[in-house]
Amino acid sequence: MDIPILERDGALEQLGSLANAAADGAGHTVFVTGEAGAGKTTLLRAFEERMTGARSLRGACEDLSIPEPLGPLRDLALDAGVDLDALWRNEGDRLSVFLKLLGSIEGADGMALLLIEDLHWADEATLDFVRFAARRLRTRPILMIVTARDDETEGRPQLRRAMDGVAAADATRIALQPLSAEAVGRLAVGSGQAPDEVHRITGGNPFYVTELLRGGKDDALRSVQDTVLNRLGRLPPESRQVLEAVSIFPRRAERDWALDLAGVADEALDPAIESGLIQEDDIFLTYRHEIARLAVETALKPTRRRRLNAALLGRMQTDAQVPNARQMHHARAAGDSAQIARLAPLAGREAMAAGANRQAADYLSIAVELADPQDEETLATLLFEAGEACRLVSRLWDAMGHFERAVDVAGTNTTLKGRILQRLSRVKWTAGQKAQARTLGDRAIALQEGADTDELAMALASRAQIAMSDYEMEASLPVAQRALEMAQRLGRKDIVSHALSTLSLATLFDSAEQNALYTESIEAAKAARSPINLTRNLSNGGVVNWYGLKFGEALDLFDRAIATAYETDTIEQVDFHQGFRVHVLDRLGCPRDRARHPVQAAGTILTSDHDAADRVADCHAAR
């Protein structure tokens with residue numbers, strides 16, 4: 001049954017207009033939103049068919065228990081002919097990777113369509129890429145189209161995070177509405193079903209309408225899940241087994257793997273495809289819609305679901321290219337605690353490397369729960385890693401709990417214990433427990449005194465920062481200077497950057513030194529490719545300029561700090577940056593600007609490169 005697309009002409013025309021602008025070098029981002037079954041993928045396919053001269057690069061997020069870091073980018077990079085793993089090894093930080101990937105896409109001939117589906121299942125690093133790219137497309141021949149559900153439980157929070165920091169001029173949202181009663185009536189012609197009843201049952205949801213009409217007159221009063229399962233039940237047993245096997249793959253199933261799981265021959269595919277429930281795409285099998293996949297998966301008996309996931313996990317582990325996050329999903333679905341314990345640390349470290357710190361915190365917290373308590377050094381390392389991931393996304397109490405437990409089990413490993421104490425000191429200070437923070441910082445230094453080491457240099461830099469933040473400038477200066485000199489001897493640019501930033505504030509009222517120090521600290525953070533130091537140093541530069549009454553320069557630095565924090569998922573101190581930014585705007589007399597979301601302001605700056613003087617002039621003009 002060939003069902004036409006109705007009431008989507010306006011959306012297709014809007015996409016076509018934006019594509020024409022992108023072809024002329026004025027790229028754009030479009031968020032296509034709607035409930036599950038609203039026709040987002042159908043709209044994309046119809047639009048793609050019209051764009052015969054454009055290159056299409058596709059990526060999609062998967063409904064994994066914990067999202068795979070940068071999963072869609074692997075698909076996009078493959079389509080672009082880019083080895084993402086090699087790019088990562090060569091560049092070393094994700095912002096450089098993002099820029100190189102965009103450059104590779106732009107460098108090819110003609111306009112590119114960058115299609116990312118199901119953003120409601122995205123990891124934080126993928127959300128960061130969407131924000132990053134959206135700010136940088138206005139001068140590139142790229143149209144990025146992102147689909148997402150906009151229901152409260154899944155889509156809206158993800159959409160908010162993806163759109164934060166993207167200026168209104170750089171992004172358009174197309175919200176797909178349910179079909180009208182008139183459109184449902186046109187689709188129902190000749191089906192033998194009452195159009196009013198179909199519209200009442202489905203609420204105009206295009207997928208639900210399509211499924212009921214495909215099912216025939218006998219299915220008119222069934223739920224969509226019942227309709228799907230009824231169609232499944234009409235198929236030969238071998239074809240049913242294929243559909244059941246495909247249902248446990250969250251997005252798409254490798255064709256050969258699905259047949260192996262089902263234990264059937266290739267011929268069993270034909271009736272399954274003819275049923276309209278799944279489709280074949282090169283080497284993959286996919287359900288025509290996620291709703292249909294879930295209908296089949298949730299109908300599986302629990303024991304069969306676990307067996308299928310366990311068999312798939314075993315098959316995946318024969319392929320070194322399968323990401324640990326994807327394996328982890330099936331290990332959890334199979335209830336295999338041994339595999340979960342093995343995979344969780346690996347997936348957590350991969351997430352940390354990709355900058356998906358929220359997902360890293362989830363994976364590593366699971367790893368801690370399942371770690372062998374008798375292997376104290378391994379447990380202490382895992383606790384430290386889990387604490388660090390939680391710290392970076394402002395889960396302070398979780399981080400504190402992990403670090404405190406890590407101190408207890410670290411044993412005689414002074415290097416590890418010193419590192420843990422230093423981080424615990426920072427978390428305590430951030431949480432307002434300042435006396436404990438100072439004591440822990442002193443313990444971290446005392447434990448490691450002796451030869452120059454990375455950990456001692458970091459402990460000194462952290463303790464100097466705490467003293468400076470508590471306005472103990474005389475105590476901070478010698479410790480920061482010692483940390484700087486040790487880090488320089490060790491070649492640790494990130495610690496050099498950290499110490500310089502502290503010195504710029506500790507010498508706040510020495511105008512001859514402060515500007516040179518904070519500028520040098522920012523450049524050192526960039527050279528070290530250290531996002532957390534870069535964010536802090538930009539913000540500290542804002543403080544220096546605030547005290548120097550250079551409010552335009554301060555605003556620029558705070559905006560850049562906030563943008564960097566969100567782009568790199570290092571939001572530990574973002575409330576501080578935002579709060580100080582409001583003070584700067586008050587001094588500039590910008591009540592209208594203050595009401596804007598600070599990340600939106602940061603996104604505008606990163607995209608358009610307005611300088612501080614332009615924004616100061618804008619503020620005064622708005623008064």
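- Among all heavy-atom pairs drawn from L313 and Q327, the shortest one is CD1-O, 3.5 Å.
- Put simply, the side chain of I366 reaches to within 4.5 Å of the side chain of M328, judged on heavy atoms.
- For the pair P69 and R94, the minimum side-chain heavy-atom distance is 4.5 Å or more.
- Taken to the nearest 0.5 Å, the CG atom of L346 stands 10.0 Å off from the CG atom of L364.
- Remark: the backbone N or O of S180 is paired with a side-chain donor or acceptor of E7 at under 3.5 angstrom.
- Side chain of R55 to backbone of I105: a donor-acceptor contact under 3.5 angstrom is found.
- A295 and L229 make their closest contact through O-CD2, 3.7 Å (heavy atoms, listed as atom of the first residue, atom of the second, distance).
- Side chains of Y363 and M352 form no contact here, defined as non-hydrogen atoms less than 4.5 Å apart.
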Intermediate values then yes/no, side chain to side chain contact (heavy atoms under 4.5 Å, CB included), V246 and V242: CA-CA 6 Å; V246 174; V242 171; 4.2 Å; yes

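- Panel note: side chain S17, backbone Q14; no donor-acceptor pair is recorded below 3.5 Å.
- A 4.5 Å side-chain heavy-atom check between Y287 and E297 finds every atom pair outside the cut-off.
- Salt bridge status for R74 with E350: absent, with no side-chain N to carboxylate O gap under 4.0 Å.
- Between V166 and A171, the shortest heavy-atom distance links the atoms CG1-CB, 3.7 Å.
- The salt bridge (Lys or Arg N to Asp or Glu O under 4.0 Å) test applied to E388 returns R391, R423, not counting sequence neighbours.
- In this structure, N357 contributes its side chain and V393 its backbone to no donor-acceptor pair below 3.5 Å.
- Residue pairs meeting the ring-ring contact (aromatic ring centres under 6.0 Å, His included) criterion with at least one member in residues 192-211, sequence neighbours excluded, are F207-H289.
- Within a 6.0 Å radius of CD in E182, no more than 12 heavy atoms belonging to other residues, nucleotides or ligands are found.
- Distance NE2/H577 to CG/D559: 12.0 Å, rounded to 0.5 Å.
- Between the side chain of S104 and the backbone N or O of K100 there is at least one donor-acceptor pair closer than 3.5 Å.
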Side chain to side chain contact (heavy atoms under 4.5 Å, CB included) between L538 and I562, worked out: CA-CA 9 Å; L538 288 165; I562 293 166; over 6 Å; no

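- Proximity of a side-chain donor or acceptor of Q359 to a complementary backbone N or O of E124 within less than 3.5 Å is detected.
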Steps toward side chain to side chain contact (heavy atoms under 4.5 Å, CB included) verdict (L64, W121): CA-CA 8 Å; L64 302 179; W121 291 322; over 6 Å; no

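- Between A361 and R395 the shortest heavy-atom distance is CB-NH1, 3.5 Å.
- Residues meeting the side-chain hydrogen bond (donor to acceptor under 3.5 Å, both in side chains) test with R349, sequence neighbours left out: E385.
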Side-chain donor-acceptor distances from residues 27-37 under 3.5 Å, at least two apart:
residue	atom	partner	partner atom	Å
H28	NE2	T172	N	3.4
H28	NE2	T172	OG1	2.7
T33	OG1	R173	NE	3.2
E35	OE2	N205	ND2	3.1

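- The shortest side-chain heavy-atom distance between L76 and I116 falls under the 4.5 Å cut-off.
- Rounding to the nearest 0.5 angstrom, the gap separating the CG atom in L187 from the CG atom in L212 is 11.5 Å.
- In this structure a side-chain-to-backbone donor-acceptor pair under 3.5 Å is missing from R326 to E68.
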Audit row: Q578, R581, side-chain hydrogen bond (donor to acceptor under 3.5 Å, both in side chains) steps and yes/no: CA-CA 5 Å; Q578 290 171 339; R581 180 180 186 273; over 6 Å; no

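- P206 places none of its side-chain heavy atoms less than 4.5 Å from the side chain of T42.
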Residues R136, E106; criterion side chain to side chain contact (heavy atoms under 4.5 Å, CB included); working and verdict: CA-CA 11 Å; R136 292 162 172 81; E106 181 185 16; over 6 Å; no

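- The CG atom of L534 lies 11.0 Å from the OG atom of S539; values are rounded to the nearest 0.5 Å.
- Using a 4.0 Å cut-off between charged nitrogen and carboxylate oxygen, R560 and D556 count as a salt-bridge pair.
- No donor-acceptor distance shorter than 3.5 angstrom exists from the side chain of R255 to the backbone of F284, with no hydrogens or angles considered.
- A 4.5 Å side-chain heavy-atom check between Q279 and I273 finds every atom pair outside the cut-off.
- Residues V184 and G204 share a closest heavy-atom pair of CG2-CA, 4.4 Å.
- Within the structure, the ring-ring contact (aromatic ring centres under 6.0 Å, His included) test picks out the following pairs touching residues 122-143 (sequence neighbours left out): F98-F129, F98-F132.
- Rounded to the nearest 0.5 Å, atoms CG (L15) and CE (M51) are 9.5 Å apart.
- Once rounded to the nearest 0.5 Å, the distance linking OG1 of T298 with CG of L300 reads 8.0 Å.
- Taking the charged nitrogens against the carboxylate oxygens, K40 and E117 have no contact shorter than 4.0 Å, which rules out a salt bridge.
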E197/R200 under salt bridge (charged side-chain N to carboxylate O under 4.0 Å, His left out): CA gap, chis, key distance, verdict: CA-CA 5 Å; E197 188 67 8; R200 184 189 66 80; 2.6 Å; yes

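- Residue pairs satisfying the salt bridge (Lys or Arg N to Asp or Glu O under 4.0 Å) criterion with at least one member in residues 242-253, sequence neighbours excluded, are listed as follows: D75-R251, D75-R252, E244-R304.
- D123 contributes a side-chain N or O that, together with a main-chain N or O of L70, makes up a donor-acceptor pair within less than 3.5 Å.
- The two residues A162 and L119 make their nearest non-hydrogen contact at CB-CD2, 3.5 Å.
- Side-chain contact between E62 and F249: absent, with no pair of heavy atoms (C-beta onward) separated by less than 4.5 Å.
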